[in-house]
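Notes to accompany the following structure.
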Amino acid sequence: SPSVRAEAMKALGRLKLPGTFDVAVEAAQIPTQEEVLLQAALKTLGSLGDPRAVALARQAALGPYHRKARKAALGVLGSMLRLK
């Protein structure tokens, strides 16, 4: 279920295990009907502080997603700006 996968994604973001970035990117690219997973994946990407997340977050912020997913994408972009 998308909500279970979203909770797993949040846990990975808290643990910051090796490979978390790649898993989050893959999860963020799952079809848009799984908005809760996209939102969790974007928040995880933001928590990792990896600049590679900027391109994906920019795409999600402009994409055809629900408000919460776009808000999470903007949060990633904001956190990247704070890291500079």
Side-chain angles (χ1 to χ4, degrees):
S1 111
S3 58
V4 172
R5 293 193 310 186
E7 289 303 316
M9 180 58 53
K10 291 176 190 177
L12 283 174
R14 286 191 295 274
L15 295 172
K16 295 180 178 28
L17 298 172
T20 298
F21 180 85
D22 295 330
V23 172
V25 167
E26 195 172 309
Q29 295 174 2
I30 289 176
T32 59
Q33 63 265 25
E34 297 188 13
E35 292 289 332
V36 67
L37 179 57
L38 173 60
Q39 184 180 353
L42 288 166
K43 287 182 178 182
T44 295
L45 288 169
S47 74
L48 297 174
D50 191 314
R52 296 177 293 172
V54 171
L56 184 63
R58 185 180 303 127
Q59 178 185 351
L62 299 172
Y65 303 115
H66 294 291
R67 184 175 55 90
K68 288 183 180 181
R70 289 194 319 268
K71 184 177 178 180
L74 291 172
V76 171
L77 294 171
S79 69
M80 291 294 121
L81 289 174
R82 285 190 294 277
L83 293 174
K84 290 185 175 185

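Along the sequence shown, the residues carry numbers beginning at 1.
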note = residues 60-70 vs salt bridge (charged side-chain N to carboxylate O under 4.0 Å, His left out), sequence neighbours excluded, gives none
Which value, rounded to the nearest 0.5 Å, describes the distance between [X] atom [atom1] and [Y] atom [atom2]?
{"X": "Asp50", "Y": "Thr44", "atom1": "CG", "atom2": "OG1", "answer": "12.5 Å"}
{"X": "Gln59", "Y": "Leu42", "atom1": "CD", "atom2": "CG", "answer": "10.0 Å"}
{"X": "Lys43", "Y": "Met9", "atom1": "NZ", "atom2": "CE", "answer": "13.5 Å"}
{"X": "Arg58", "Y": "Leu74", "atom1": "CZ", "atom2": "CG", "answer": "11.5 Å"}

Heavy-atom pair with the smallest gap, counting every atom of [X] and [Y]:
{"X": "Gly49", "Y": "Met80", "value": "CA-CE, 3.4 Å"}
{"X": "Ala61", "Y": "Leu77", "value": "CB-CD1, 4.4 Å"}
{"X": "Gly46", "Y": "Ser79", "value": "O-OG, 3.7 Å"}
{"X": "Leu37", "Y": "Pro2", "value": "CB-O, 4.3 Å"}

When the side chains of residues 19-28 are checked against the rest of the protein, which donor-acceptor pairs come out under 3.5 Å, sequence neighbours left out?
from	atom 1	to	atom 2	distance (Å)
Thr20	OG1	Leu17	N	3.2
Thr20	OG1	Leu17	O	2.6

Partner residues of Arg5 under the salt bridge (charged side-chain N to carboxylate O under 4.0 Å, His left out) criterion, sequence neighbours left out = Glu34
message = Run the side-chain contact (heavy atoms from CB on, under 4.5 Å) test against Lys10 and tell me which residues pass, sequence neighbours left out.
response = Glu7, Arg14, Ala40
Heavy-atom side-chain proximity of Leu38 to His66 below 4.5 angstrom = no
